Amino acid sequence: MANLNTDSVKQRTFDAIVIGSGMSGGWAAKELTDNGLKTLILERGRDVKHIKDYPTTNLYPWEFPHHGVLPNAVQEANPIANRCYAFGEDSAHFFVKDAEHPYVQTKPFDWIRGYQVGGKSLLWARQTQRWSDFDYEGPARDGFAVDWPIRYKDIAPWYSHVEKFAGISGNRDGIAELPDGEFLPPWPLNDVEQYFSDHVKKNYKSRHVIIARCAHLSKPNQIHLDQGRSQCQERELCQRGCPFGGYFSANASTIPWALRSGHATLRPFSVVESIIYDDKLGKATGVRVIDSQTKESIDYYAKIIFVNAACLNSNLVLLNSKSSRFPNGLGNDSGVLGKFVAFHNYSAHIGAEVEGFTEWTTDGRNPAGGGYIPRFRNVYKQETNFLRGYACGLSAYRYRQHKYDGVGANLKEGLVKGDLSPWYIGSHMMGETIPKETNFVALDASKKDAWGVPLLDISVDYDDNDMKMQKDYVEQLTEMFTSAGFKNINASTNHQAPGLDIHEMGGARMGKDPKTSILNEWNQVHSCKNVYVTDGACMTSTSCQNPSLTYMALTARAANHAVEELKKGNLG
Amino acid sequence: MDRRTVIKNLALVIGGAALLPSCVKNSGGTYIPLKNISITADQEKLIADICETIIPKTNIPGARELNLHVFVLKMLDDCYNKKDQQAIMKGMDEFNAMVQKKYNQSFGDLAVKDRVAVLTGIEDSQKKAAGAKPHGKRLKPQKNMNAPPLDTFYWAMKQQTIFAYTTSQFFMTKQIVYELVPGRYNAHFPVKNLKTV
């Protein structure tokens with residue numbers, strides 16, 4: 001490129017580059033700019049500005065062309081996205097369309113993606129639980145994966161740090177395996193959920209049914225108002241983007257915060273092809289971007305690089321960052337890059353009918369979704385024929401039973417009137433899975449996308465441990481529901497492919513030993529310290545708690561470490 | 001039904017019948033732009049008549065006044081696959097033939113009570129065929145595309161007419177109150193305090 005001059009290079013040089021603008025990338029950008037670092041935020045998709053770019057957010061059902069139903073053509077063209085519960089006429093514009101971003105499924109994997117500023121933080125289910133040492137010590141105790149290089153005490157202050165800013169509602173339950181956080185007031189359990197909670201407390205040692213903890217502003221503090229957010233209005237239309245900023249998304253929170261600092265530059269339409277590694281300097285010097293619109297290749301430079309492209313895409317970027325020093329991908333001396341990918345086992349749910357409580361119902365909507373049962377299997381010691389355990393979502397509800405028989409005036413009346421149904425209660429499992437070398441992602445040898453980047457080949461599947469756990473969930477919940485007196489208990493298992501849980505993790509795991517891991521205890525690439533990976537890719541194991549809060553905390557911790565290291569001159 | 005309502009209904013039917021042909025294109029197609037299915041003016045009128053029979057005007061508006069058949073057509077056009085659309089169209093032909101055979105008249109020429117009898121006849125015969133199985137938790141009519149075409153057509157019409165009605169602005173503002181912004185969650189709420197509709 002002969003036309004390069006020093007001015008142009010200077011314009012393309014920053015203190016830090018953050019690859020990705022979603023759940024974790026937004027946090028990297030916020031923390032780095034809070035510390036005065038000139039930061040470039042790269043996003044492969046379009047910009048989505050808070051409120052302005054939520055086109056469906058205030059629409060009534062009848063204002064949608066098909067009143068909320070996605071046309072058959074859209075569903076048929078997007079079998080993968082269409083399997084996601086949140087893919088609807090009100091939210092389809094925030095999902096990657098299958099044909100636009102192909103990948104190779106050596107084994108079936110529903111890869112749900114949101115390519116826009118904010119990423120999937122616009123679409124997430126907003127459940128937020130801390131991990132505990134029962135999780136961080138899991139691999140070491142149970143002999144799988146590698147030992148986490150951190151413990152709860154290392155990350156606890158960073159959980160507090162991100163919780164205060166993001167806004168997490170919850171009750172302080174005092175449960176060792178599910179540490180309490182910096183909570184805003186919780187949304188209470190309804191009568192049946194509370195009954196079940198009391199029943200479990202009375203009859204089961206160390207099992208708990210608690211209020212679900214979620215990233216909603218039940219009662220905003222000044223820090224949330226400062227972000228331009230306000231109290232959650234219980235709409236439960238979160239997947240459209242929230243005009244109140246009632247739930248945490250990068251769009252409502254971290255990204256505009258970073259931009260307001262004056263230190264951030266946001267560049268949408270920027271597909272990261274690779275991280276540039278300088279053999280002579282022995283460190284990464286920047287990022288090679290393909291402009292998704294013009295397909296022009298542009299290099300950007302920085303002292304530190306944060307990789308937050310979302311788990312599997314972060315793996316792809318690292319695998320595709322080849323140099324003479326790293327012929328198999330950046331930091332991949334160990335050969336484990338792309339391997340030990342794991343996910344969450346959502347393969348069973350259960351429902352039942354509840355007698356009584358007929359004088360009571362609920363009014364309005366509950367954004368927390370109801371109750372949560374923290375993991376109770378194998379917590380203090382190994383006690384089953386499978387490793388680890390599962391958490392359970394839980395909610396009870398009733399509804400008006402309309403009458404749909406016949407035609408005419410009676411039908412019309414039946415559509416309005418009707419008795420309330422009995423109460424029903426439902427639960428779904430969220431199981432930890434064991435990372436294995438045989439569950440991996442790799443670059444396809446020949447196929448490339450529209451921007452010349454190799455396609456990702458995904459080879460991830462369930463194993464015997466997952467199936468034993470599924471069986472145990474059904475048995476335990478059936479037993480707990482039976483002892484609570486619930487009727488017509490109906491458990492079912494599904495064969496949903498991994499990926500649909502949208503909790504894929506690993507591939508560039510943290511670890512103490514560079515021979516068996518990619519990242520150190522600060523999320524730095526062992527052999528390239530100015531590159532940090534702080535999204536799902538860094539996860540050594542999966543716990544059974546929802547992972548986003550941990551990504552946020554790890555990111556904030558790593559970003560502040562990077563700032564300190566820069567000050568010390570350790571990162572050049 | 002009092003006399004005044006009968007006269008008003010009659011006026012509406014006549015008015016509707018008079019209005020329709022003027023909107024129809026020369027080709028005999030509908031005036032509603034459809035992409036995937038092709039519907040004649042007669043078929044569109046049939047669908048409108050069925051919608052009005054399912055959700056008739058009472059002391060509150062019915063399907064015709066709420067223009068529900070336009071939405072029903074849009075759903076048939078956009079939200080079913082080709083195979084289902086073919087079954088629905090075949091079922092519509094069978095429906096016409098069945099009515100013609102039984103009454104020697106088209107559906108549109110039948111008195112309201114006969115229209116009701118035709119539709120409930122299909123629904124009742126299907127219930128018998130199904131062995132009067134108890135309803136599941138969800139009573140809403142669902143897509144049943146493996147049924148004989150006549151039943152497929154009927155249930156598509158019924159499902160989409162009900163969907164069109166219960167998601168219409170009229171229904172969601174005047175019959176029930178849909179809240180875009182509830183601003184509350186009461187977890188412990190007495191049933192007796194629910195607003196009666």
Side-chain angles (χ1 to χ4, degrees), chain A residues 58-76 187-191 193-194 231-237 244 351 353 358-368 398-409 411-418 420-421 424, chain B residues 1 35-36 50 53-56 58 60 62 71 74-75 77-82 84-85 112 115-116 119-120 123-124 127 135 137 139-141 158 161-173 175-176 178-194 196-197:
Chain A
N58 284 323
L59 295 186
Y60 283 91
W62 61 85
E63 294 178 307
F64 289 92
H66 305 88
H67 295 193
V69 177
L70 270 176
N72 185 67
V74 178
Q75 295 193 39
E76 282 189 356
W187 273 273
L189 298 177
N190 66 34
D191 291 272
E193 292 157 354
Q194 188 62 53
Q231 187 168 338
C232 170
Q233 296 297 311
E234 289 98 346
R235 295 176 2 129
E236 288 196 350
L237 300 171
F244 301 96
E353 199 176 315
T358 52
E359 301 306 306
W360 300 98
T361 185
T362 62
D363 171 53
R365 301 181 200 130
N366 181 2
R398 61 193 310 200
Y399 59 92
R400 197 167 291 287
Q401 292 171 301
H402 297 300
K403 292 197 177 68
Y404 297 94
D405 283 343
V407 300
L411 171 65
K412 249 175 125 177
E413 200 173 293
L415 296 175
V416 178
K417 294 184 177 162
L420 280 182
S421 74
Y424 295 96
Chain B
M1 201 182 280
K35 288 175 293 210
N36 303 304
I50 292 174
T53 310
I54 295 171
I55 302 293
T58 49
I60 54 168
F71 181 76
K74 191 184 184 61
M75 293 300 285
D77 190 42
D78 286 343
C79 296
Y80 290 82
N81 66 33
K82 214 177 181 66
D84 295 343
Q85 286 167 341
V112 169
R115 293 184 187 185
V116 169
L119 298 187
T120 50
E123 191 165 319
D124 290 346
K127 270 184 208 150
H135 285 298
K137 257 200 313 186
L139 301 164
K140 256 185 217 178
K158 182 160 176 182
T161 304
I162 289 174
F163 182 62
Y165 180 58
T166 55
T167 57
S168 67
Q169 183 171 7
F170 166 76
F171 187 89
M172 291 195 129
T173 56
Q175 291 296 96
I176 62 166
Y178 172 81
E179 295 176 291
L180 193 64
V181 186
R184 69 185 186 287
Y185 176 62
N186 297 316
H188 181 65
F189 193 76
V191 168
K192 62 176 163 51
N193 290 5
L194 285 175
T196 46
V197 275

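Convention: sequence-line order gives letters A, B, ...; per-chain numbering from 1. Keep in mind that this is a model prediction, so the values were computed, not measured.
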Distance, nearest 0.5 Å, that separates CG of A:Asn72 from CE of B:Met75: 10.5 Å
Parallel, tilted or perpendicular: ring planes of A:His67 versus B:Phe71, cut at 30 and 60 degrees: parallel
Approximate separation, where rounding is to 0.5 Å, of B:Met172 CE and A:Trp62 CH2: 7.0 Å
Heavy-atom pair of closest approach, residues B:Arg184 and A:Asp363: NE-OD2, 2.7 Å
Side-chain heavy atoms of B:Lys192 within contact of A:Glu359, under 4.5 Å: no
Side chain to side chain, A:Tyr60 and B:Thr173, heavy atoms closer than 4.5 Å: no
Closest contact, heavy atoms only, A:Pro71 versus B:Cys79: CA-SG, 3.9 Å
A:Ser421 portion near chain B, given a 4.5 angstrom heavy-atom threshold: neither
Side-chain heavy-atom pair A:Leu411, B:Ile162 within 4.5 angstrom cut-off: yes
Interface moiety of A:Trp187 toward chain B, non-hydrogen atoms closer than 4.5 Å: side chain
Side-chain donor or acceptor of B:Lys158 paired with backbone N/O of A:Val407 under 3.5 Å: no
Distance (rounded to the nearest 0.5 Å) between B:Asp124 CG and A:Asp405 CG: 8.5 Å
Top contributor to chain B interface from A:Leu59, A:Leu237, A:Thr362 [non-hydrogen pairs under 4.5 Å]: A:Thr362
Within-4.5 Å side-chain heavy-atom neighbours: B:Ile176 and A:Arg400: no
Minimum heavy-atom distance between A:Gly364 and B:Pro182, given as atom pair plus value: CA-CB, 4.4 Å
Atom of B:Phe171, atom of A:Leu415 and distance for their closest heavy-atom approach: CZ-O, 3.5 Å
Heavy-atom pairs under 4.5 Å with chain B, option from A:Gln75, A:Arg365, A:Glu236, A:Arg398 with the top count: A:Arg365
Closest non-hydrogen atom pair, A:Ala409 against B:Thr58: CB-CG2, 3.8 Å
Spacing of B:Asn81 atom CG and A:Glu76 atom CD [to the nearest 0.5 Å]: 5.5 Å
Nearest heavy atoms of A:Pro188 and B:Tyr185, plus distance in Å: O-CE2, 3.6 Å
Straight-line distance of A:Gln233 CD to B:Glu179 CD, nearest 0.5 Å: 11.5 Å
Heavy-atom proximity to chain A below 4.5 Å, by part of B:Leu119: side chain
Between CG on residue A:Asn58 and CG on residue B:Leu180, distance to nearest 0.5 Å: 6.0 Å
Proximal component of B:Thr166, with respect to chain A [non-hydrogen, under 4.5 Å]: side chain
